[in-house]
Amino acid sequence: MKRRTFFKSLGATAAAGAGIGCTRETVLWGGEANAAGPTDTRSQGMTWMKAPCRFCGTGCGVEVGVADGKVKAVRGDTQAPVNKGLLCVKGYHLPAVLYGRDRLTHPQLRQPDGTYKKVSWDEAYDLIAKKYQESIDKDGPESVGIYGSGQWTIFDGYVALKWIKGGMKSNNLEANARLCMASAVMGFMTQFQSDEPMGCYDDFELGDDFVLWGNNMAEMHPVLFSRILEHKRQHPHVRIVDLGTRRTPTTHYADMYMEFKPGSDLAIANGILNLLVKSGRVDKRFIEENIVFKRGIEDLDKIGYGCFGDNAEKYGFKDKGQASSFEEFARLLEEYTPEKVEELSGVPAAQIKALADIYGDSKRGTVSLWCMGVNQHTRGTWMNNLINNIHLLTGKISKPGSNPFSLTGQPSACGTVREVGTLNVRLPADMLVMKEDHRKKTEKIWGIPEGSLNPKPGFHTVDLFRAWHRGDVKVLWVQTTNPWQTMPNVHRIDRKPGDGKFLIVSDIYPTPTTAVADLILPAAAWVEREGMFGNTERRTQHWHKAVEPPGEAVEDAWQMVEVARRMGYTDLFNWPDDDWHRVCWEEYRSFTTGVGKDVGTYEQLEQSRGLRWPVVEGKETRYRYAAGHDPYVKKKEGVHFYKAKANGEKAAVWFRPYHPPAESPDADYPFWLCTGRVLEHWHTGSMTRRVKQLHQAVPSAYVEMNRADAAELGINDGDKVKLTSRRGTLTLPAKLNGRAQSPKGSVFVPFFDEGLLVNRLTLDAMDNISKEPDYKKCAVKVERG
Amino acid sequence: MRVHALLLVFLVACIDTPQEPIDEPVEKTPATERADRRAYDGAPPVMPHDNLGASCTNCHAGQAMQVDGLGVAPAMPHDATPGLSDDARCRQCHVPVTTDHIFKPNEFEGQAQDMREGDRLYAGAPPVMPHRTFMRENCVACHDGLDAREEIKTPHADRTRCQQCHVEAVTDTSFPH
């Protein structure tokens, strides 16, 4: 602590007391100041405010300590129901992400010689408005786009949606949650016709068995994993099953580890369904009351992978549902015998049976958990369907302690992208641009003419960037995300500015994406502005602005409001300039009320540590669709899937077969490559790498290898290793004795390191329904570097 | 000694000599070094050593211990941290330092360690805690043992229920509890 800050905080301490000056007691013993009353001198002049953590989808509550206009500390909020005072190492080091010396502080416009020139906000806003308008006039609204993020606040997402869909009449609005959560969305939508989980975090203290599908929870959702571990410690009957393609820190805590071949989780889930159905360990009454059976398109040749042949430019596969029956479902499952599943997955038949026994035990509560392993999967929606199927057939759903629960990786993937609907086909609260009644409702709330919204879906993310690369999309604004690091097969969008297109990037630090921008805008981060996030368990959390942003940085939402107003959409954003968040919130909230998606009022959220929707008469909902919990369920007991109107308010169980991955190892590229995160770094590392403690723990990317493979190739720990895929090459150090172990024939590389871009190797294969890319499976060659 | 040194430092602080750091540790001890390894008061300290291949709790137990060739292993202050048992996830919060390298400079200035004593109602009354516990329930991890700082050492470590008399003030937030 510098003397100057000490002096200032001392002044604040003294002022908080009786206005006394420098006395020895005030500082060392706090006598007089304390005597003045409840003002706490121990706070060193700090003001403490509440906020959700900036990082993952868990949504931990933190108390933010502010002094001298700067964030000086955070502490886990002991009264936050999510984390009960605990944080992870990223959360504890959160304040430092605001203070990297290279924060972006002024709008900067790229010059023809490649340098950037400082421009005023007025110049920047005028230029953006001009670029959008020119492109729309010349090539139509399909030629412009906005690409946002699950790190957008709900305000940011709502402004973007209203401006582009309600104003510019383009549906080219996407967000990086497409790369992350889209398969979970489509899982819920195809089965329940409403997005987001029925369960909540309370299950971590109520479940008996926790089944982790390809989910390294110990590193990716550490605070939630701690809740399970503590529950297990107190209740020794609790069991954890870890299904994975590599041993991770999570495996260490598992009662059973099932290592499967990449992509074969489809076979395992079908194997379990087969055993449950065959042995009658299903809830017949629940099935009769609540379930319909369906089949979709199952022919591999018709579906493809979104990256080969014609699909390499545009992937528009549409599934088509048809009615099926329990009998047909049972018959289709028959081929997935434990032995066949063992052959496909490498998991011993005995383990398949053991897992079926866990799901089939009606006396024990079972919680299934998954995240990127299931979602970033060429059949990710199918995997979501299969896990949900297991819970539906056994009736282990919408029950305290028994639920399928998909975890999210970003702080507002749910609140912003999924609930506001910042995706090519969506409108708020589960509505779709293709549906006339949904458009009508939206037009009415926004006060725009009936029939004016564009009914044609925009590009999904991978196709949006392909279209950008082709030049079909000419003006694109990227906010709060870093696609030039995160897109699969990223060299496909390599760019040199000056190509006639216009890329605007709002961020807080320089990234590989700002490096290719025409206009760079400085954004206010986290508590430098007011915000709302929605976490994994449907909890909406509000925070107030606590400190000023650096330089001229402006919050993302307001940047867009300024441009929209300049384009003439003043009626859409006729909000007061000062207290606009409240007005914006109540407008957005009107989409959610009365349809089972009811978010809390501004005041309710301001005064609480978040509330889980639907919030009706001030009361949150722990378990959706459950009698006695969900106010929309009028039944006395059981469940009611009231959102699934097209299926007679019943959930759909889909038969979904096994399909192989898009690219598997062969003689030329004999290794599997899996990519992912590590505990210390978050996403592309643009924030966490600027924190000394986090950077120094994991300073660069590496390739995690099996020791037997390394020995065969003569590779020692730390040696340079060259990875080659059909897309590109990357040389990086080997890690043989790290925190996780890849099985023989596979390697793992984290994606946080902008200096070692693993997405130069990955394949842009996608899920057929959600269009979410598969970052977990492609083939590489491994050589000494 | 410590109090005098602080007093001296403080008096210097009262005279306007800007930019001088005032919190030079009086003497380096394992405890002050641990404070230096925190990003701010209350942040989990980073690990000063690599993973040594054993369970963390082998050395970081209820009391500080001298480990041959390595120095003092501080006691573990967490009694009731969620998950703390054989299933402890120490690495969830405590990460090693594997390099001196910095990715980009950072100007974050953390809240300094608070050196005030706890407030007493009258001489002889038990002081309230001058700090938050941050899940450090094992008070003697810092307030007793071979690496404890003299000025915060408890005179009665044998009384095991510290929070029976010493309470934690938790009312300094600006939002409703």
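All values below were derived from every heavy atom in this structure, side-chain atoms included, with hydrogens, water molecules and symmetry-related copies excluded. In what follows, every chain begins at residue 1, and chains take the letters A, B, ... in the order their sequences are listed.
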task: Answer with side chain, backbone, both or neither: which region of Arg739(A) has an atom nearer than 4.5 Å to a non-hydrogen atom of chain B?
output: side chain
message: Nearest 0.5 Å, please: how far is NE2 in His78(B) from CG in Leu86(A)?
response: 9.5 Å
message: Less than 4.5 Å to any heavy atom of chain A: does that hold for the side chain of Val97(B), its backbone, both, or neither?
response: both
query: Where on Leu694(A) is there a heavy atom nearer than 4.5 Å to chain B: the side chain, the backbone, both, or neither?
result: neither
Exceeds 12 heavy-atom contacts within 6.0 angstrom, atom CD of Gln63(B): no
message: Does any backbone or side-chain atom of Glu219(A) lie under 4.5 Å from a heavy atom of chain B? Answer side chain, backbone, both or neither.
response: both
query: What part of Glu680(A) lies closer than 4.5 angstrom to a heavy atom of chain B: side chain, backbone, both or neither?
result: side chain
Contact summary for Cys88(A) and Cys93(B), nearest pair of heavy atoms: CA-SG, 4.3 Å
query: Got a second to check how far Phe108(B)'s CZ is from His93(A)'s NE2, nearest 0.5 Å?
result: 8.5 Å
message: Show the nearest heavy-atom pair for residues Gln92(B) and Pro222(A), with the distance to one decimal.
response: OE1-O, 3.2 Å
Taking every non-hydrogen atom, the tightest pair across Glu109(B) and Lys72(A): O-CD, 3.1 Å
statement: Listed by number, the residues in residues 98-107 of chain B that come under 4.5 Å of chain A (heavy atom to heavy atom) are Thr98(B), Thr99(B), Asp100(B), His101(B), Ile102(B), Phe103(B), Lys104(B), Pro105(B), Asn106(B), Glu107(B)
- prompt: Is the backbone of Tyr92(A) close enough, under 3.5 Å, to the side chain of Tyr40(B) for a donor and an acceptor to pair up by distance?
  reply: yes
task: Answer with side chain, backbone, both or neither: which region of Val223(A) has an atom nearer than 4.5 Å to a non-hydrogen atom of chain B?
output: both
- prompt: Between Arg89(B) and Ala218(A), is there a donor-acceptor pair closer than 3.5 Å when you use the side chain of the first and the backbone of the second?
  reply: yes
